[in-house]
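Remember, it's a predicted structure, so these values are computed and weren't measured experimentally.
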Amino acid sequence: MIKDWLPLNNMSELFINKGKIDNEKLIEYAYGIFKNELMNEQNPIIFNNKKVIVNSPIFKCNEKFVKKGKNCNNTIFNCENCYYLNKEEMFFHITSNRDENIIKNLKSKYRNSRKSRVPGLFSYDRLNHIRWIRKIINEYTSNNNSDILYFEDIVENEEFYKRNNENMPKEKAIYFYIKECQFIVIIGQNLWDKKQNDYYLKSAYIVNTDGDEHKFERLYLKYKKRQEKQSGVS
């Protein structure tokens, strides 16, 4: 059930021509929303008086296993006609799913990294929810909307570790979860550099597996217990 304060999630219907979706125009339109709503320096998302940024490399299709054709099998596009080329990797991250058939053939060190999503399987459902990301963060910040379950966790940032070959650093993961809509937005904040600790978008997606539902319910309950303990509530 869509909340009345959320945008409609039917963007793909705007680009139906002769019974078919014009995927190229749809993706370009969604990318414009991505840039305007999530990367707008003149009107950034603000949370806890800090900006929420998109800290993402540009997709150049230069990973070795991509060149070998290991992660470009897609029903919507391919390496010769890639709609994601020269766009931020975060854009395809929030508009595609992990391709489990590809991932199982990758070396274990790649299976949970950003390299397992280059670019992944395009998802109309994920793309149609792109306008929810900014709205959900703003709605929680401005109205503390009870539709949104808020919780935090401290996690290890594997990508920073792999890029810098240093000790595994910690980051704060912040979750905005609308259980009734089965949708979650996740932002992060690094805990290793206080000079550059703006929040950054980590992910946003439809929660459609029992495993994910149980995980987020467990994290929410753990967070609530920590909050109660800190406030002296028993």
Side-chain angles (χ1 to χ4, degrees), residues 1-45 52-63 65-103 114-139 176 178 181-187 200-208:
M1 181 178 68
I2 297 178
K3 302 296 181 179
D4 57 9
W5 53 269
L6 282 167
L8 294 176
N9 58 345
N10 60 347
M11 191 187 311
S12 56
E13 295 178 11
L14 302 175
F15 294 89
I16 296 177
N17 183 23
K18 296 181 180 179
K20 294 184 178 180
I21 297 174
D22 188 325
N23 293 304
E24 184 172 8
K25 288 183 178 179
L26 170 63
I27 291 175
E28 288 301 321
Y29 180 77
Y31 183 61
I33 293 173
F34 172 83
K35 296 288 284 187
N36 185 57
E37 295 195 359
L38 304 181
M39 298 190 69
N40 190 336
E41 294 184 2
Q42 305 304 315
N43 185 26
I45 303 173
V52 180
I53 64 175
V54 172
N55 184 16
S56 173
I58 300 296
F59 178 47
K60 296 293 186 182
C61 200
N62 58 1
E63 305 287 0
F65 62 85
V66 175
K67 286 186 176 180
K68 294 179 181 178
K70 292 185 178 179
N71 205 15
C72 285
N73 299 320
N74 202 295
T75 57
I76 302 298
F77 54 86
N78 53 49
C79 286
E80 294 180 358
N81 183 30
C82 182
Y83 302 151
Y84 287 117
L85 194 64
N86 297 319
K87 294 180 174 66
E88 289 77 8
E89 290 185 8
M90 180 54 68
F91 177 64
F92 68 66
H93 178 88
I94 60 177
T95 58
S96 69
N97 291 313
R98 286 159 56 94
D99 185 344
E100 298 300 332
N101 290 323
I102 296 297
I103 290 168
R114 66 179 180 82
K115 294 183 178 183
S116 68
R117 296 285 299 280
V118 185
L121 291 174
F122 174 74
S123 166
Y124 289 113
D125 280 342
R126 288 180 70 130
L127 179 141
N128 282 334
H129 286 77
I130 196 168
R131 301 195 89 151
W132 285 22
I133 298 171
R134 181 187 182 99
K135 183 63 178 177
I136 287 171
I137 298 173
N138 285 346
E139 182 69 15
F176 306 87
I178 307 180
C181 297
Q182 297 181 293
F183 193 76
I184 195 160
V185 177
I186 308 171
I187 64 175
Y200 42 87
L201 182 64
K202 287 177 62 67
S203 192
Y205 57 93
I206 301 163
V207 179
N208 55 8

Query raised in the report: So, Ser56 side chain and Glu89 main chain: donor-acceptor pair closer than 3.5 Å or not?
Result: yes
Query raised in the report: Stepwise, does the side-chain contact (heavy atoms from CB on, under 4.5 Å) test hold for Phe122 with Leu127?
Result: CA-CA 8 Å; Phe122 174 74; Leu127 179 141; 3.6 Å; yes
**Report entry** From Phe176 atom CZ to Ile184 atom CD1, the distance as rounded to the nearest 0.5 Å
**Finding:** 10.0 Å
Requested in this report: For Arg126 and His93, indicate whether the former's side chain and the latter's backbone hold a donor-acceptor pair under 3.5 Å.
Outcome: yes
Acceptor/donor pairs from residues 24-35 side chains to any protein atom, 3.5 angstrom cut, sequence neighbours excluded:
from	atom 1	to	atom 2	distance (Å)
Glu28	OE2	Lys87	NZ	2.8
Tyr31	OH	Glu88	OE1	2.7
Lys35	NZ	Glu88	OE2	3.2

Report task. May I ask you to test the Val185-Leu201 pair for a side-chain heavy-atom distance under 4.5 Å? Result -> yes
Query - Flag side-chain contact, heavy atom, 4.5 Å: Ile45 against Ile187 - result: no
Report task. Taking all heavy atoms of Ile206 and all of Phe183, pick out the closest pair and write down the distance. Result -> N-CD1, 3.9 Å
Query raised in the report: Do Ser123 and Tyr205 come close enough that some side-chain heavy atom pair is under 4.5 Å?
Result: no
**Report entry** Results of side chain to side chain donor-acceptor pair (under 3.5 Å) for Asn40 - residues two or more places apart only
**Finding:** Asn36
Requested in this report: List for me each residue that meets salt bridge (charged side-chain N to carboxylate O under 4.0 Å, His left out) alongside Glu37, sequence neighbours excluded, and say none if there are none.
Outcome: Arg131
**Report entry** Partners meeting salt bridge (charged side-chain N to carboxylate O under 4.0 Å, His left out) with Lys135 (sequence neighbours left out)
**Finding:** none
Report summary line: In terms of heavy-atom contacts, Lys3 and Ile178 come closest through CE-CG2, 4.5 Å
Query - With sequence neighbours excluded, residues passing side chain to side chain donor-acceptor pair (under 3.5 Å) with Asn17 - result: none
Query raised in the report: Do the non-hydrogen side-chain atoms of Ile58 and Phe91 ever get within less than 4.5 Å of each other?
Result: no
Query raised in the report: With side chains defined as the heavy atoms from C-beta onward, is the minimum distance between Asn208 and Asp125 less than 4.5 Å?
Result: no
Please table the atom pairs, donor to acceptor, closer than 3.5 Å between any side-chain atom in residues 8-16 and protein atoms at least two apart or in another chain.
from	atom 1	to	atom 2	distance (Å)
Asn9	ND2	His129	NE2	3.2
Ser12	OG	Asn128	ND2	3.3

Requested in this report: Using only heavy-atom distances, determine whether the side chains of Tyr84 and Thr95 contain a donor-acceptor pair under 3.5 Å.
Outcome: yes
